[in-house]
Every structure is written in C-alpha cells, then in structure tokens.
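To start, the structure itself, in structure tokens.
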Amino acid sequence: MVLHTSPYHSAFLSFLSRLSWAFVFPCYWLLDRLLASCVATSLEKRRRSQDPCSFLALGVLISTPLYLVLLLASLPFAFIGFLLWAPLQSIRNPYIYSHQKPDKHGAEQGASAGTGAALAEWRPQGRSFCFGSANVCLLPDSLARFNNLADTQRRAREVGKRIRNGASRPQIKIYIDSPTNTSISAVSFCSLATQGFRRTSSLDHRPEPVVTTETETEALNECPVHPSGGTSSDCPIHSTEAQNSSECPLHSNAEDHAPDCAVHQFADPESSGECPVHSNIIQNSEDCPLHPAGVQISITSPDSEPAEDEKGNHQTGDGDTGSLESRTASRESLVRFHAADGGISPNNTLSQHRTSVFKRPIGRKRRHGDDGFDHEISAFFPANLDFLCLQEVFDRRAADRLRRQLHRYFPFVLSDVGRYGWKGCCSRFKFLNSGLLLASRYPILDAHYECFPNGRSEDALAAKGVLFAKVQVGSSAQEQRVVGYITCTHLHAIEGDASVRCEQLDMLLEWGAEFRRNTLGPTDEEKVLEDQVAFDVILGDLNFDNCSSEDKLEQQHSLFNHYKDPCRLGPGEDKPWALGTLLDTTGLYDEEVSSPESLQKVMENEEGRKEYLVFPASKNHCPSQKGRKIPLKGNGRRIDYILYKEEGLQPDWKVDIEELSFITQLAGLTDHLSVAARLVVSTGEEET
C-alpha cells in the first residue's frame with residue numbers, strides 16, 4: 001500500500017486547500033487570541049499580582065478590543081475561504097507520511113537512513129525495542145488555557161527538543177550494591193565521575209542473580225587489585241613478598257597497622273584460609289579500598305542499530321531544557337550488561353550475558369521483587385527510543401514545529417492524522433483532527449486510520465480515532481520481513497461515558513484484527529513469504545484508570561484478555577508501584593514541579609503525589625497489597641497506557657517487558673506524565 005505523503009492526491013487540490021486556508025487563517029488566529037486574552041493561566045495571574053504598575057493587565061485591555069475589531073473585519077474573507085475549504089476535506093487523505101532522508105548535513109540534523117539496518121538479518125536471539133507515549137496537549141492556545149497551559153507554539157518546539165535530546169543522549173545507569181538500599185539513587189553524574197568510579201560500556205541485560213546459601217561465598221576469578229593482564233605474582237596482596245612485609249600495600253606508612261585494613265586483619269592469610277579480598281568481614285565495608293561504595297556507573301552511546309548514518313547525530317541545541325544540559329543523571333532507564341566474544345554488540349540486540357566488572361553481593365535479588373522487570377520514575381525519555389506515540393497534537397502549526405524537531409531523531413513520522421469537516425462515519429462537523437502522531441526509527445510499511453463514530457458532546461468536535469501502523473524491524477535468513485504492529489489511540493474523554501469508551505475499545509480490536517489480516521500477507525506482485533510478526537503494541541490515552549469505581553466497565557473489557565498491561569494486577573487493582581499519569585493542572589507552575597528533576601523527586605514522594613496528581617474519583621480505595629501501608633489510590637489516575645501481546649505472534653516467539661518508566665521530562669509543558677517501556681522479543685532459538 002502506498003503511504004500518503006501529501007494531504008491530497010492532486011497538486012491542484014493541495015493548492016486550493018492552501019489558498020482556502022489562507023483566507024480562513026486570519027480569522028482563526030484572531031479568534032484564538034481573543035479567547036486566549038480572556039482566559040489566564042495560574043502563572044499569568046501570579047505575574048499580574050506581582051506587577052505593581054499593572055502593565056500586563058493594561059496590555060490585555062488594549063489588545064482585546066483590537067483583536068475584536070480585526071476579527072470582525074476578517075469574517076467575510078473567512079467565510080469565502082470556508083466555502084472552498086470544507087468540501088475539500090471529504091477527499092483529503094487521513095494522514096501525512098514524512099521521511100527525513102539523510103544528506104551531507106545528516107550528522108547535524110539527526111537524519112538517519114533507518115532502512116539499511118532495519119533490513120539487516122534478524123538475529124536468532126531476538127531484539128529489544130523501546131516504546132513511548134505522551135499526551136502533549138497541543139490544542140489551540142485558547143483551548144489549552146482551560147488546562148492551565150499557554151503558548152502552544154513554544155511548547156510544541158520545546159516538547160520536540162526535549163524528546164529528541166532525551167532519546168539521543170548517552171545511556172547512564174548507576175547500580176548501588178547495598179544490603180539495605182537496592183534502589184537507584186538520583187545523584188549527580190558529575191560528582192560521581194570525579195570520585196574515581198569506573199565507567200564501563202553497557203548494553204541490554206544485567207546478569208541474573210546467583211542464588212547461594214548464607215555460608216557460601218563466590219571467589220573472584222580476577223583479583224581487583226592487580227592491573228589488567230597482570231598475574232598473581234604482581235598483586236600487592238597475593239604476592240609472597242607483600243604477605244611477609246610489614247608495610248601495607250594499600251595504605252601509606254602512617255597507616256601501616258590500620259586495624260581495619262583488609263590485608264592486616266589476618267595475621268596469616270594462608271593459615272586462616274580466608275582471602276582478605278573475599279572475606280565476608282569486609283565485603284560490604286564502605287571504607288574498603290577494594291569495594292568502593294558498591295557503585296558502578298555504566299554509559300552507552302545512542303544505539304546505532306536502526307540507522308548506520310546516525311554517528312555523530314543529535315547535537316544538543318542551545319537553550320534546551322530537561323535534556324543533556326541538566327547535570328543530574330536522574331534515574332535513567334536501566335542499562336544492562338552483556339558482551340559478545342571480543343567486543344560489544346549493538347544495544348538493540350540480545351546476546352549472551354556477562355557479569356559486570358564489580359562483583360555484587362552474593363544472592364542479590366532483583367531490584368523489584370517478583371515483577372521480573374525494572375520500573376522507575378525518570379527525568380528523561382529512554383535512550384534509544386524506537387517508537388513514539390503522541391496524543392492531542394491538534395494545532396496544525398504546532399504539529400509542523402513538533403514534527404521538524406522529531407525528524408532530527410526519528411526518520412519516519414505519521415502526522416496530521418484524522419479528518420476535518422464532514423467525512424464518512426464522522427456525522428458531526430470536525431473542527432480538529434485526531435491529534436495523533438507516530439514517530440519511528442524503523443521504516444513504516446503501511447498505515448491506516450479509523451475515526452470513532454460515537455463521540456459525544458465537545459469530544460465529538462475532534463476526529464478522535466485509531467492509527468494503525470506496520471513497521472519493518474528486520475528480515476530473516478529466508479528473506480522474510482520481520483515486522484511489528486503499533487496502534488495509537490485517544491479515547492473519549494467525557495467522564496461518566498463508560499459505554500462510549502467500551503464501544504470504542506470494541507471497534508479498536510475489530511479494526512486492528514482487520515488491519516493485520518489485510519497487511520500481514522504479501523501482495524500478489526511481491527511473490528514473497530509471509531511476514532513474521534515480532535510485536536503488537538497499543539499506546540495512547542485511554543481516559544480511564546484501573547482504580548476508579550466509575551471505570552469498572554472499562555477495567556473489565558476484553559482488551560485486557562488480548563493485551564497485557566504491565567502495571568495491572570487485575571480489574572480495579574494496580575501494582576503498588578504503578579504511578580498516575582494525570583497531573584493536577586492547578587499546580588503545573590509551582591516551583592516544586594517546574595523542572596523534570598524536581599517533578600521526578602515529587603513523584604517519588606507519597607505526599608508529593610497526593611498534592612500534584614489527580615486521584616480516582618471514587619472515595620473507595622483499590623484493594624491494598626500485602627505489606628503495603630497506603631492504598632493504591634494514593635498513586636493517582638493512570639490513564640496513559642502501553643499494552644502488548646505476549647504470545648501468539650509467531651510459533652515459539654515471546655514478548656517480555658524489560659523495563660517501564662514514568663517520565664517527567666515534559667514538566668511544565670503538558671498536564672500528563674509520559675510513559676515508556678522496553679520490550680524484549682525472544683525467538684526461542686539459540687545462536688549458532
């Protein structure tokens with residue numbers, strides 16, 4: 001199927017559409033400014049209260065009558081333009097596909113080919129893919145102010161900058177081995193780097209924990225003291241001269257007989273049978289020079305797998321906030337360790353595990369218990385983000401600004417999704433499109449959009465619906481394409497309309513199954529084997545949570561029988577760590593949540609969540625988990641989802657979640673937290 005690269009099939013129709021919009025736009029812009037001047041955000045109210053001369057209020061009093069006069073003067077031109085524009089919408093394409101081709105300036109622009117690596121042979125051990133979803137609230141400025149947000153054009157540009165800078169940054173992980181604290185600390189990377197901590201390349205997987213008994217200890221294969229390539233005879237601890245010497249090889253002469261020295265604790269190490277390096281007595285000592293704080297810092301550069309031309313891409317722009325300019329490496333998406341023989345494999349490819357340089361405590365459990373994956377609150381979008389679904393990208397000029405920023409990282413983008421005016425199932429006039437946008441680092445093979453026909457009230461003024469996309473992520477040894485299916489959606493938002501949302505979920509499942517049937521097999525002209533499906537993922541704002549009593553109907557929908565929600569235990573019950581994604585709009589400009597790092601810290605605190613998140617409407621709490629002192633309701637309304645199919649895509653293939661993040665990088669730019677998940681596709685085969 002041919003992807004639509006322009007709104008119309010004819011250049012003449014595109015010209016008529018631009019001409020008609022040129023007549024309509026002055027009226028549209030003036031009306032937007034007039035309404036915006038009547039609705040102030042909390043930040044503007046605060047500034048006006050601090051303005052002793054009331055210059056801001058005086059500016060509003062002068063501009064409002066001016067906007068009104070100009071609006072009345074533009075109405076005749078807008079009417080003529082509308083008569084030409086409205087009929088054209090019935091033949092308009094439902095989306096625009098854009099591909100940023102690489103050129104000689106690709107390194108500066110972040111453009112990438114994407115196609116070359118995506119067509120590489122699919123490796124038997126599988127791959128991992130990172131998905132993100134965010135509601136960015138890019139409504140016309142006058143409408144965005146009802147959500148306490150303003151300056152849509154500036155926010156669109158800044159949203160794009162933060163996302164691409166977060167996704168293209170080096171991946172930093174800080175592991176802290178402690179018997180009492182197994183979390184990742186939000187500490188300054190610069191301060192840690194200057195304390196002599198070792199940096200290592202890191203990739204997808206952390207080694208699985210080794211289960212041992214309390215009396216068992218694990219001997220180090222390599223002594224941490226002698227240099228790389230050295231022998232035991234070179235070691236200042238294990239050498240005979242060192243053991244018979246009165247001078248400590250690890251301390252200065254002034255500390256020859258330090259009682260806490262790892263070497264001199266034992267009068268005769270050989271007779272004691274205990275190695276001073278591996279002794280349980282000093283293994284967890286904070287002062288031990290051989291076990292420095294149990295901290296390891298791991299850094300990876302942005303993954304180059306989807307595009308061979310990405311080296312040197314994605315330079316940080318001046319004035320970017322919430323990105324690499326921040327000196328806080330706050331809870332980055334987790335990095336794993338692995339290595340292939342003789343070198344480092346690409347970050348998106350799973351391979352054999354290898355333990356990291358620093359040894360961890362014996363029998364260490366996974367950081368998050370029985371969940372089987374890592375979850376965190378991060379101040380950044382995950383590094384190497386592969387797919388991004390955005391909702392509420394309604395304003396056309398803002399969408400253009402956002403798309404240009406995203407194209408510096410994502411080569412493939414589907415934007416301007418939806419319908420305007422009257423079209424097909426959309427019985428009511430649509431003033432806004434669907435607001436959906438999909439960005440991908442992998443080639444998009446096919447796309448399809450469907451409009452929900454059952455919208456009500458003000459929600460019916462937007463062409464909300466579902467965007468389906470088929471992407472190619474590789475090819476098998478038999479020249480079969482390996483593909484993935486992505487569904488982006490934004491459901492009905494009016495409270496109390498549970499039946500409407502359930503109908504929309506029914507349509508989503510039906511349309512999705514039909515899209516996969518129509519696109520899975522090759523066309524008659526291609527004469528190739530059937531595609532292999534690696535993943536099937538749903539992303540978007542579903543406008544219901546899993547704890548509110550008013551959302552019980554949606555919580556029990558069959559959607560959750562087909563797709564897995566990693567944050568969900570069952571209908572009406574989330575996992576204890578699951579975090580609400582809907583922010584209280586009244587506090588968006590408070591200093592405590594004004595930056596990604598500060599919002600992250602607030603979200604990590606129970607009292608902060610209660611102050612800045614929107615809670616389930618019902619006073620009835622969700623069932624508490626065993627050992628949990630506060631009800632799940634205290635974590636807020638989680639209405640932004642990433643759902644995935646675990647099995648049934650290919651024989652013996654399975655999809656598991658590796659990590660899930662609640663992201664605060666868009667603090668001050670939207671009223672939602674973003675979510676991201678990294679999925680691992682395993683094929684059940686072993687690499688030969």
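Each residue takes its place number in the sequence, starting with 1. Because the structure is predicted, anything quoted here is derived from the model rather than measured.
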Are any of the side-chain heavy atoms of R396 and L138 separated by less than 4.5 Å?
no
Answer whether the closest heavy-atom distance between the side chains of D531 and Q480 falls below 4.5 Å.
no
Atom CG of L613 and atom CG of D584: how far apart are they, to the nearest 0.5 Å?
8.5 Å
Atom CZ in R428, atom CZ in R456: separation rounded to 0.5 Å?
11.0 Å
Contact summary for L402 and A156, nearest pair of heavy atoms:
CD1-O, 3.6 Å
Applying ring-ring contact (aromatic ring centres under 6.0 Å, His included), name anything that partners F82, two or more places apart in sequence or on another chain.
F429
Shortest non-hydrogen contact between V680 and E658, atoms and distance:
CG2-CB, 3.6 Å
Say whether, by atom type as modelled, one donor and one acceptor occur between the side chain of R568 and the main chain of Q555 under 3.5 angstrom.
yes
T581 and D640: side chain donor to acceptor below 3.5 Å:
yes
Which of these, D446, V533, N518, sits in a side-chain contact (heavy atoms from CB on, under 4.5 Å) with K470?
D446
Going by atom types only, do H407 and Q405 share a side-chain donor-acceptor pair under 3.5 Å?
no
Is it true that R441 and D386 have a side-chain N and a carboxylate O under 4.0 angstrom from each other?
yes
Is there a donor in the side chain of N546 and an acceptor in the side chain of E573, or the other way round, less than 3.5 Å apart?
no
My understanding is that only residues two or more places apart in sequence, or in another chain, count here; which of them pass side-chain contact (heavy atoms from CB on, under 4.5 Å) with R516?
Y485, A513, D536, Y563, K645
Going by atom types only, do Y420 and D416 share a side-chain donor-acceptor pair under 3.5 Å?
yes
Under 6.0 Å between ring centres, would you say that holds for Y641 and F544?
yes
Between the side chains of S661 and H375, does any donor sit under 3.5 Å from an acceptor?
no
Applying ring-ring contact (aromatic ring centres under 6.0 Å, His included), name anything that partners F387, two or more places apart in sequence or on another chain.
F131, Y442, F535
State, without any angle test, whether S558 and N561 hold a side-chain donor-acceptor pair at a distance under 3.5 Å.
no
Hey, are D400 and R404 close enough for a salt bridge, meaning a charged N less than 4.0 Å from a carboxylate O?
no
What verdict does the side-chain contact (heavy atoms from CB on, under 4.5 Å) test give for Y449 and R419, after you've listed the backbone C-alpha separation in whole Å, the side-chain angles of each residue and the deciding distance to 0.1 Å?
CA-CA 10 Å; Y449 161 78; R419 304 287 189 184; 4.0 Å; yes
Side chains of Q532 and R481 only: does a donor on one sit below 3.5 Å from an acceptor on the other?
no
Do I486 and L539 touch side chain to side chain, with heavy atoms closer than 4.5 Å?
yes
Evaluate the side-chain proximity of D395 to L139: yes if any heavy-atom separation is below 4.5 Å, no if none is.
no
Looking only at non-hydrogen atoms, find the nearest pair between A462 and F394 and report the distance.
CB-CE2, 4.0 Å
Is there a side-chain contact between L445 and T519 (heavy atoms, below 4.5 Å)?
no
H557 versus C502, closest heavy-atom pair with distance
NE2-O, 3.4 Å
Just by distance, with hydrogens left out, do D541 and Q391 show a side-chain donor and acceptor under 3.5 Å apart?
no
Is the centre of the H4 ring less than 6.0 Å from the centre of the H9 ring?
yes
Aromatic contact between F373 and W577, with the criterion being ring centroids under 6.0 Å apart: yes or no?
yes
